[in-house]
Amino acid sequence: MVTEILKNVWYAVALSSEVPVGKMKAFSLAGEPIVLARKKKGEVYAIKDICPHRGIPFSYGQMIDDEVECPYHGWKFNSEGVCTEIPSLYEGQDLDCKKIKVKNYPVIEKQGLIWAFLADKSQTVDLKQTPQPPTLPTLPMDAQPNLIEEALFPCHIDHAVIGLMDPAHGPYVHKSWFWRSSKSSYEKKKKFAPVPFGFQMVRHQPSKNSKAYKILGGQPTTEITFTVPGVRVEHIQIGSRNVYNLTVLSPLSEKETRVISMLYWDMPWLSLIKPVIEAFAHKFLYQDLEAVTKQQDGLKFDPSLMLIKDADTQAKWYYALKSEWQTHQSEKRVFHNPVQETELRWRS
Ligand code: FES
Ligand SMILES: [Fe+2]
């Protein structure tokens, strides 16, 4: 039950802090090697990390005056991916280096993450008509996360996404004294609604067996939004204060998915107990990692799998959204969200 990695969408490839000013770093996106480079004034760009001359990755080289210099023969490339200099050329030689180009990826930097657009060459798209990297409404655009947890899931992005959105694994995978045990499961009933390119568990008071929310005190309410290709935003409100948990999934290849989970808050006192929250967040994500890692032992045999109502309905929506994303593009029509407003019930 894995489907094609979506193209013509933005993926969060890196944390802003991973690419310092004047430096570049290698990443991977859907099997393509890319190098992210940051100019002196702070702007980030992304080009394919393979020199078109003889194939060495640019990321082994250095940045000179905002350009990438290949470590093998010193060819230089600018942020558009255009070659600007070939040092071995003699005066007056008939070779226009500007005609040599490597693929360049549109980049957006938002709230501490660098997003790259993975284009499908066979289609032209309006970048504005694609699912956008999320904005956290009550925080400034350049707000940096207060806490970051990340993990490399050894699986296809589909399994990583449906594993993280799955409401029924909680009591089994996330059991722990400070979280909950499988004995304390209750029937849950949650309202869902479509949002552009995704769906939302509408704002509600968290269940009584979700101890993590208790740390926040007050009367928290939460709203969870998922959008393709793999972006989950949970927005917790306590009075006028806010906590966001932004989880982004980015496919390094068919078999590896980078999961970055970030917390942002505007409650100064939360920073005092940051080590506690960090321990929570780390344990939680690594429990998921452990489950999908074990799952690979079974998936090797390519079994046929099941999605049941209502616990797996969100996973069904995920596949339906992906499929509609591809179909509307190939048919060159508007996107029709396959999700209907509804209520889902499950025990967890
Ligand atoms: S391989 Fe890059 S300049 Fe020759
Ligand atoms: Fe989980």
Side-chain angles (χ1 to χ4, degrees), residues 24 26 33 35 37 47-64 67-78 81-89 93 95-103 149-155 157-176 178-182 185 188 201 206-207 209-213 222 224 226 230 232-234 245-249 257 259-263 279-296 311-312 314-315 318 346-348:
M24 56 178 163
V35 56
I47 59 176
K48 186 163 181 182
D49 195 17
I50 297 180
C51 179
H53 183 213
R54 296 262 264 287
I56 197 168
F58 293 123
S59 50
Y60 288 123
Q62 55 176 341
M63 275 189 88
I64 295 183
E67 296 188 341
V68 164
E69 184 192 69
C70 177
Y72 211 165
H73 311 93
W75 295 17
K76 288 205 189 74
F77 292 81
N78 66 17
V82 175
C83 181
T84 57
E85 191 187 333
I86 297 181
S88 66
L89 295 186
Q93 188 174 341
L95 197 165
D96 182 6
C97 66
K98 302 227 158 25
K99 292 204 171 118
I100 303 169
K101 217 181 163 287
V102 293
K103 180 172 177 182
E149 271 304 323
E150 68 161 300
L152 191 59
F153 280 30
C155 65
I157 187 169
D158 287 355
H159 283 298
V161 168
I162 67 175
L164 291 170
M165 65 172 44
D166 170 10
H169 74 292
Y172 298 90
V173 171
H174 299 297
K175 51 179 172 234
S176 119
F178 61 71
W179 189 247
R180 58 165 88 155
S181 77
S182 54
S185 63
K188 310 270 165 72
M201 184 191 286
S207 327
N209 61 345
S210 297
K211 288 185 197 148
Y213 295 96
T222 181
I224 303 173
F226 175 83
R232 178 190 185 273
V233 187
E234 174 161 12
N245 176 11
L246 171 58
T247 304
V248 289
L249 294 93
T257 303
V259 180
I260 309 178
S261 184
M262 284 147 299
L263 283 169
F280 258 109
H282 182 83
K283 174 141 193 178
F284 201 78
L285 186 61
Y286 276 73
Q287 285 170 330
D288 285 317
L289 172 63
E290 197 188 331
V292 297
T293 304
K294 290 176 176 164
Q295 184 190 21
Q296 301 316 302
D312 296 330
Q314 294 177 74
Y318 166 70
W346 65 82
R347 279 184 73 84
S348 68

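Being a predicted model, the structure only gives us computed values, none of them experimental. Counting starts at 1 for both ligands and their atoms, in listed order.
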For a 4.5 angstrom cut-off between non-hydrogen side-chain atoms, does [X] reach [Y]?
| X | Y | answer |
| --- | --- | --- |
| P71 | I56 | yes |
| C97 | V82 | no |
| L164 | R232 | no |

Answer with yes or no whether the side chains of N78 and T84 bring together a donor and an acceptor at under 3.5 Å.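 Their side chains do not contain a donor-acceptor pair, so the 3.5 Å distance test is not met.
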When you measure from the side chain of D49 to the backbone of F58, do you find a donor-acceptor pair of N or O atoms at a distance under 3.5 Å?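 Between the backbone of F58 and the side chain of D49 there is a qualifying donor-acceptor contact (under 3.5 Å).
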Between T257 and F153, is there a donor-acceptor pair closer than 3.5 Å when you use the side chain of the first and the backbone of the second?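 No; zero donor-acceptor contacts below 3.5 Å.
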Check for me: within less than 2.8 Å of atom 4 (Fe) of ligand 1, which protein N/O/S atoms show up?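 Within the sphere that stays under 2.8 Å of atom 4 (Fe) of ligand 1, the protein atoms of type N, O or S are H53 ND1, H73 ND1.
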Pairing residues for K294 by the salt bridge (Lys or Arg N to Asp or Glu O under 4.0 Å) criterion, not counting sequence neighbours: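 Only E290 meet the salt bridge (Lys or Arg N to Asp or Glu O under 4.0 Å) criterion with K294.
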Measuring from the Fe ion (ligand 2), count protein N/O/S atoms under 2.8 Å, please.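 Near the Fe ion (ligand 2), the number of protein N, O or S atoms below 2.8 Å is 4.
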Working to the nearest 0.5 Å, report the span between CZ of F77 and NZ of K48.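 It is 12.5 Å, given to the nearest 0.5 Å.
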Would you please name every residue forming a side chain to side chain donor-acceptor pair (under 3.5 Å) with H169, sequence neighbours left out?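 Result, side chain to side chain donor-acceptor pair (under 3.5 Å) vs H169: H174, D288.
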